[in-house]
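We name chains A, B, ... by the order of the sequence lines, and we start the count at 1 in each one.
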There are 2 protein chains.
Amino acid sequence: MSLKYAVLAALLEGEASGYELSKVFDVSFANFWASTPQQLYRELERLTRDGLVEARVVRQERRPDKRMFTLTEAGREDLRAFAAEPPRRPTAIRDELLIKIQAMDDADPEATRALVEERMAWARGKLARYARVRERLLDGRSEERYLREADRIGPYLTLLGGIAFEEENLRWCERVLAALRQRTPRG
Amino acid sequence: MSLKYAVLAALLEGEASGYELSKVFDVSFANFWASTPQQLYRELERLTRDGLVEARVVRQERRPDKRMFTLTEAGREDLRAFAAEPPRRPTAIRDELLIKIQAMDDADPEATRALVEERMAWARGKLARYARVRERLLDGRSEERYLREADRIGPYLTLLGGIAFEEENLRWCERVLAALRQRTPRG
DNA sequence: CTCCCATAGTCAACTAATTGAATAGGTGCG
DNA sequence: CGCACCTATTCAATTAGTTGACTATGGGAG
């Protein structure tokens, strides 16, 4: 699967530990490739075995040891080849809330409303985190300047995708709430 | 997993064969729960065994026999309970193109451009199919009237979500193309 | 007349993902 | 002082998902 390439792409930003990668996959990468720490550690194992990344153990004073991973030239090459060919599989989404919305009836509109509100809170939290990541990337520069001058614009573009996605999500939630209100004007 | 509930939700629309379900999961459901025909057939097997759906064999003249599946009362009840509780797992997205964008460098902007164009064509195709599904659902009524009067509005709301998602996708692609153009003005 | 596509599935082998717990020191809060 | 949370992983068991081929029949294109 392409978790492999997602990990390699994350390591383009520089050396990282499994733990750090799991943070990245929880924030910016979450938006296009979901995965758990366990998956990452397994994948890193495999990538090391295949010579696409290199690990070095860093001994720490007040914390557990960690392994820091770096891309090898072979890993960089493999990723480059991947990035140039068309996707093999179409975008897959798994969103439980949408199943619930699909299945809802007029029996319990309050429950549905609560679920949608929860999603909105979650989306707002994500947008706040994305905003921080964006500030860090831009580092004072304007977007226009960044896109012209930055070394690599990929991370910024995927971040914009994440932001747009969550904003759209929020707008959709508003519409759902409006539709629910129309049905049960006195809830 | 909730493929189970996705299938039950699909059967709320009425009796269907595995084959028909696989069509539904290729168009409207694709937008929030991806799955292949093989998965569906296995899931239907399981649901039948657990008494949540019922199957009847329909013999056909000029086609292979098929099994038509219906929700049982137990299945309906199970789905109802599912629809009222909060999602267990966060939304998961798997989008290879975004990995490629994340990883892209300035070495081959033409390749990236081609991938984005491909995605746009795909999104436009999806929007066209969604528009047809929408027409069929509305069946001449205005959206407002539909949302007030229709028996179940869930399928319409998830469809709106799919449409909004693809439109946003298209806008994002435009932005990516613009950024690429800025970097290589004479491509 | 042949080949491909649509219908309507099934089977087997494999790979990937999820769940839940375990390890182990440090830090912060009341 | 105890509990929860952060760092930083690892393990085992189970479940889910993917890939590719196989069975059948009919219809339409060339």
Side-chain angles (χ1 to χ4, degrees), chain A residues 1-8 10 15-27 29-30 32-50 53 55-69 87-96 99, chain B residues 1-8 10 15-27 29-30 32-50 53 55-69 87-96 99:
Chain A
M1 288 276 279
S2 9
L3 172 56
K4 170 179 167 182
Y5 295 105
V7 171
L8 295 178
E15 197 183 38
S17 69
Y19 193 75
E20 283 161 357
L21 285 177
S22 79
K23 301 286 157 203
V24 169
F25 274 80
D26 217 48
V27 188
F29 272 60
F32 55 91
W33 208 272
S35 79
T36 60
Q38 289 81 352
Q39 269 177 277
L40 291 176
Y41 283 114
R42 242 185 309 126
E43 198 60 46
L44 286 166
E45 213 66 46
R46 206 170 331 188
L47 291 171
T48 306
R49 176 169 50 58
D50 295 348
V53 308
R56 69 189 178 95
V57 174
V58 174
R59 244 153 272 255
Q60 294 185 114
E61 288 281 300
R62 300 157 192 285
R63 270 129 215 271
D65 292 358
K66 62 181 173 182
R67 272 180 310 159
M68 297 293 285
F69 298 90
R88 291 166 179 237
R89 272 165 305 101
T91 306
I93 302 184
R94 300 282 159 90
D95 188 343
E96 276 190 30
I99 302 180
Chain B
M1 288 279 279
S2 10
L3 172 57
K4 170 179 167 182
Y5 295 105
V7 170
L8 295 178
E15 197 183 39
S17 68
Y19 193 75
E20 283 161 357
L21 285 177
S22 78
K23 300 285 158 205
V24 170
F25 274 79
D26 218 47
V27 188
F29 272 59
F32 56 91
W33 208 271
S35 82
T36 60
Q38 289 82 351
Q39 269 177 277
L40 291 175
Y41 284 116
R42 242 185 310 131
E43 198 60 44
L44 285 166
E45 214 66 47
R46 208 170 330 189
L47 292 171
T48 307
R49 175 167 52 56
D50 296 347
V53 308
R56 70 188 177 94
V57 174
V58 174
R59 243 152 272 254
Q60 295 184 114
E61 288 282 300
R62 299 156 194 284
R63 270 132 215 267
D65 292 358
K66 60 180 173 184
R67 272 181 311 160
M68 297 294 283
F69 298 90
R88 294 171 176 234
R89 271 164 307 99
T91 307
I93 303 184
R94 300 284 158 89
D95 188 342
E96 276 190 29
I99 302 180

Validation row: A:L21, A:L44 side chains within 4.5 angstrom (heavy atoms):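 The answer is yes, as the side chains (C-beta and beyond) meet within the 4.5 Å cut-off.
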I want to check something: taking the side chain as every heavy atom from C-beta on, are A:R89 and B:R94 in contact at a cut-off of under 4.5 Å? no
Hey, what do you get for OG (B:S22) to CD (B:Q38), rounding to the nearest 0.5 Å?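 Between B:S22 OG and B:Q38 CD, I get 9.0 Å after rounding to 0.5 Å.
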Among A:I99, A:D95, A:I93, exactly one meets side chain to side chain contact (heavy atoms under 4.5 Å, CB included) together with B:W33. Which residue is that?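 So, applying the side chain to side chain contact (heavy atoms under 4.5 Å, CB included) to B:W33 and each of A:I99, A:D95, A:I93, only A:I99 qualifies.
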Take a 6.0 Å sphere around CZ of A:R49 and say whether it holds more than 12 heavy atoms from other residues, nucleotides or ligands. yes
Is the backbone N or O of B:Y5 less than 3.5 Å from a side-chain atom of B:S2, with the two atoms forming a donor-acceptor pair by type?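 Not at all, since once roles are kept as given, no pair shorter than 3.5 Å links the two residues.
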Scan [X] against the nucleic acid and name what it touches under 4.0 Å (heavy atoms): base, sugar-phosphate only, or nothing.
{"X": "A:Q38", "value": "base"}
{"X": "A:R88", "value": "nothing"}
{"X": "A:R67", "value": "sugar-phosphate"}
{"X": "A:S17", "value": "sugar-phosphate"}
{"X": "B:K4", "value": "nothing"}

5' to 3' on DNA chain D, which nucleotides open and close the contacts with chain A (atom under 4.0 Å from a heavy atom)?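 Nucleotide range in contact with chain A: D:dC6 to D:dT19.
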Report the residues that fulfil side-chain contact (heavy atoms from CB on, under 4.5 Å) with B:R88, sequence neighbours left out, ordered by chain and then residue number. A:E96, B:E85
Does this structure show an ion pair linking A:R42 with A:E45, if we count only N-O contacts that are shorter than 4.0 Å? no
Assess whether a salt bridge exists between B:E43 and B:R46, defined as any Lys/Arg side-chain N lying under 4.0 Å from an Asp/Glu carboxylate O. yes
Would you kindly compare B:K66 and A:L3 by the position of their nearest DNA chain C nucleotide and give the one closer to the 5′ end? B:K66
Nearest-nucleotide wise, let me know which of B:F69 and A:A34 is further upstream toward the 5' end of DNA chain C.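 Looking at the nearest nucleotide for each, B:F69 comes out on the 5' side.
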ring-ring contact (aromatic ring centres under 6.0 Å, His included) against A:Y19, all qualifying residues, sequence neighbours excluded: none
Which residues satisfy the ring-ring contact (aromatic ring centres under 6.0 Å, His included) test with A:F29, sequence neighbours excluded? A:F25, A:F32
Below 4.0 Å from chain B heavy atoms, what is the first contacting nucleotide of DNA chain C and what is the last?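 The contact span of chain B on DNA chain C goes from C:dA6 to C:dT19.
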Global bending angle along the helix from C:dC1-D:dG30 to C:dG30-D:dC1, which compares the axes of five pairs at either end, to 10 degrees: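 Here the local axes at opposite ends form an angle of 40°.
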